[in-house]
Number of protein chains: 2
Amino acid sequence: MQVTKTLDYAVRSLTYMGHQPVEKHSMKEISQEQHIPLNYLAKIMRRLVKKGLVRSSVGPAGGYTLRKLPNEINLRDIYEAIEGEIRMVECMDKDSICALYERCPQLPVWDRIQLSMIKILEDTTLEDMLRERKTVTLNQVN
Amino acid sequence: MQVTKTLDYAVRSLTYMGHQPVEKHSMKEISQEQHIPLNYLAKIMRRLVKKGLVRSSVGPAGGYTLRKLPNEINLRDIYEAIEGEIRMVECMDKDSICALYERCPQLPVWDRIQLSMIKILEDTTLEDMLRERKTVTLNQVN
DNA sequence: ATATTATGGAGTCATGAAGTCCACAATGAG
DNA sequence: CTCATTGTGGACTTCATGACTCCATAATAT
């Protein structure tokens, strides 16, 4: 039940791009600014492109741009782009116990947790996180 | 962000024992009834004993008993007995980015999710899960 | 005494996260 | 046109961890 490094990288890259949403950002730039291994970032960006979160252009002066405004991209989108569908439990031991003479008493619990998680993820946009950052920065300056 | 099989086994064993909370249940019995590999269950039970959730006695007619009533054992206890402290994020890249010129804009989000998760886990007791099971069983009979 | 039950710890196996490498494709600048 | 720059696709490596297995040992009821 952990946030993977890969997801962390993705979120960081996107928040970074969200700073100037219209500009193009090269992989190299993102990698350096956010301290993400270049080759690994490449892999991550591919997924984000494929899932339609960012647009890419190749060649010199190529790079990535957000496809939507920061307030239109929520964390669920990002999560699912990287990790796939959100699911906390695989139903285990399908054949014998669960199916036959009792139903899993745990499932409702994990379901509730999962739902509340999804809701929070959906309610949080890139913009929220950008705001978070600016506030903190300002606090630190004062 | 997955419920491990180990945790599943633990919860299932405990709900099973919660059925007759005072009785002693041998590992073999639990293993067979719940379809959990005996040797692996041994490992899990050790943790539950060490963390004070169940009491054990060895020798013939030995076995395990719940140390508290089912309504006094919540899922957080079980979770932490098996997986250790609940924590969704390790703060990554501690040295450079986070600490120096900005604070992580993601942290508040993961915190919120984690808190809501913990709350639900705490609010759910073994008894709740037992009730769940009985209800379902009755439904199936009718 | 002995069979039964739990304890402790080492060892195995498979999977997946995290990261590396490299050959290839697109494209803007001179 | 060509060449340096930037992204794409995929194979490969490394390491940690979950999910077991095995075995030798300790306690104890009969």
Side-chain angles (χ1 to χ4, degrees), chain A residues 1-13 17 23-67 79 81-85 87-90 92-93, chain B residues 1-13 17 23-65 67 79 81-84 87-90 92-93:
Chain A
M1 226 163 288
Q2 284 261 341
V3 174
T4 66
K5 230 165 172 176
T6 313
L7 178 58
D8 175 64
Y9 288 160
V11 174
R12 261 159 56 190
S13 301
M17 291 195 277
E23 280 178 28
K24 226 178 275 177
H25 306 273
S26 76
M27 235 172 47
K28 208 163 139 200
E29 175 197 347
I30 301 175
S31 159
Q32 284 170 353
E33 290 296 317
Q34 292 293 314
H35 305 84
I36 301 171
L38 182 67
N39 290 304
Y40 196 49
L41 180 59
K43 227 174 184 172
I44 296 171
M45 293 312 287
R46 263 182 265 156
R47 289 203 67 75
L48 297 181
V49 170
K50 189 162 267 177
K51 298 295 179 170
L53 292 181
V54 301
R55 179 196 328 277
S56 73
S57 56
V58 353
Y64 299 97
T65 329
L66 293 183
R67 261 200 131 100
Y79 185 101
I82 296 300
E83 313 274 9
E85 195 197 347
R87 194 189 311 146
M88 292 192 65
V89 234
E90 303 296 328
M92 300 150 181
D93 203 353
Chain B
M1 226 165 286
Q2 283 261 342
V3 175
T4 66
K5 228 165 173 176
T6 313
L7 179 57
D8 176 64
Y9 288 160
V11 173
R12 260 160 56 188
S13 303
M17 291 194 277
E23 279 177 28
K24 225 178 276 177
H25 305 273
S26 75
M27 236 173 46
K28 208 164 137 199
E29 177 197 347
I30 300 174
S31 158
Q32 284 171 353
E33 289 298 316
Q34 291 294 313
H35 305 81
I36 301 170
L38 183 66
N39 291 306
Y40 196 50
L41 181 60
K43 226 175 185 171
I44 296 171
M45 294 312 286
R46 264 181 265 156
R47 289 202 66 76
L48 296 181
V49 170
K50 190 162 267 177
K51 297 295 180 169
L53 292 182
V54 301
R55 180 195 328 278
S56 73
S57 55
V58 353
Y64 300 96
T65 329
R67 262 199 131 101
Y79 185 100
I82 297 299
E83 311 275 9
R87 195 188 312 146
M88 292 191 66
V89 234
E90 304 295 329
M92 299 150 181
D93 204 353

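In the text below, chain A, chain B and the rest are named by the order of the sequence lines, each starting its count at 1. Worth saying up front: this structure is predicted, and the values here are computed from it rather than measured.
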Output the rounded distance in Å from OH (A/Tyr40) to P (D/dG7).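 To the nearest whole Å, that distance equals 18 Å.
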
Verdict with supporting geometry, A/Leu7 and A/Tyr79, side chain to side chain contact (heavy atoms under 4.5 Å, CB included): CA-CA 7 Å; A/Leu7 178 58; A/Tyr79 185 101; 3.6 Å; yes

Check if the side chain of B/Lys43 and the base of C/dG8 share a donor-acceptor pair of N or O atoms closer than 3.5 Å. no

Measuring from atom NE2 of A/His25 to atom CD of A/Gln34, what distance do you get when rounded to the nearest 0.5 angstrom?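 The distance works out to 11.0 Å.
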
Pairwise distance CG(A/Leu66) to CG(A/Leu48) - rounded to 0.5 angstrom: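 Interatomic distance, A/Leu66 CG to A/Leu48 CG, rounded to 0.5 Å: 9.5 Å.
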
Side chain of [X] only, please: which of [options] is the nearest?
X       : options                : value
A/Ala42 : D/dT8, C/dA18, D/dG18  : D/dT8
A/Asn39 : D/dG18, C/dT20, D/dC20 : C/dT20
A/Lys28 : C/dA6, D/dT21, D/dT6   : D/dT6

Please state whether the phosphate of D/dG18, meaning OP1 or OP2, lies under 4.0 angstrom from any side-chain nitrogen or oxygen of B/Thr6. no

Residues touching DNA chain D, which here means a heavy atom under 4.0 Å, drawn from residues 46-65 of chain A: A/Arg46, A/Ser56, A/Ser57, A/Val58, A/Gly59, A/Pro60, A/Ala61, A/Gly62, A/Gly63, A/Tyr64

Go through the side-chain N and O atoms of A/Tyr40 and A/Ser31 and say whether any donor and acceptor fall under 3.5 Å apart.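 Result is no, nothing qualifies.
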
Taking side-chain contact (heavy atoms from CB on, under 4.5 Å) as the criterion, tell me which of A/Lys28, A/Glu29, A/His35 meets it with A/Gln32.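 That would be A/Lys28; it is the only one of A/Lys28, A/Glu29, A/His35 passing the side-chain contact (heavy atoms from CB on, under 4.5 Å) with A/Gln32.
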
Whichever of B/Leu38 and A/Tyr9 has its nearest DNA chain C nucleotide further upstream toward 5':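 The answer here is B/Leu38.
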
Stepwise side chain to side chain contact (heavy atoms under 4.5 Å, CB included) check, B/Ser56 with B/Met45: CA-CA 9 Å; B/Ser56 73; B/Met45 294 312 286; over 6 Å; no

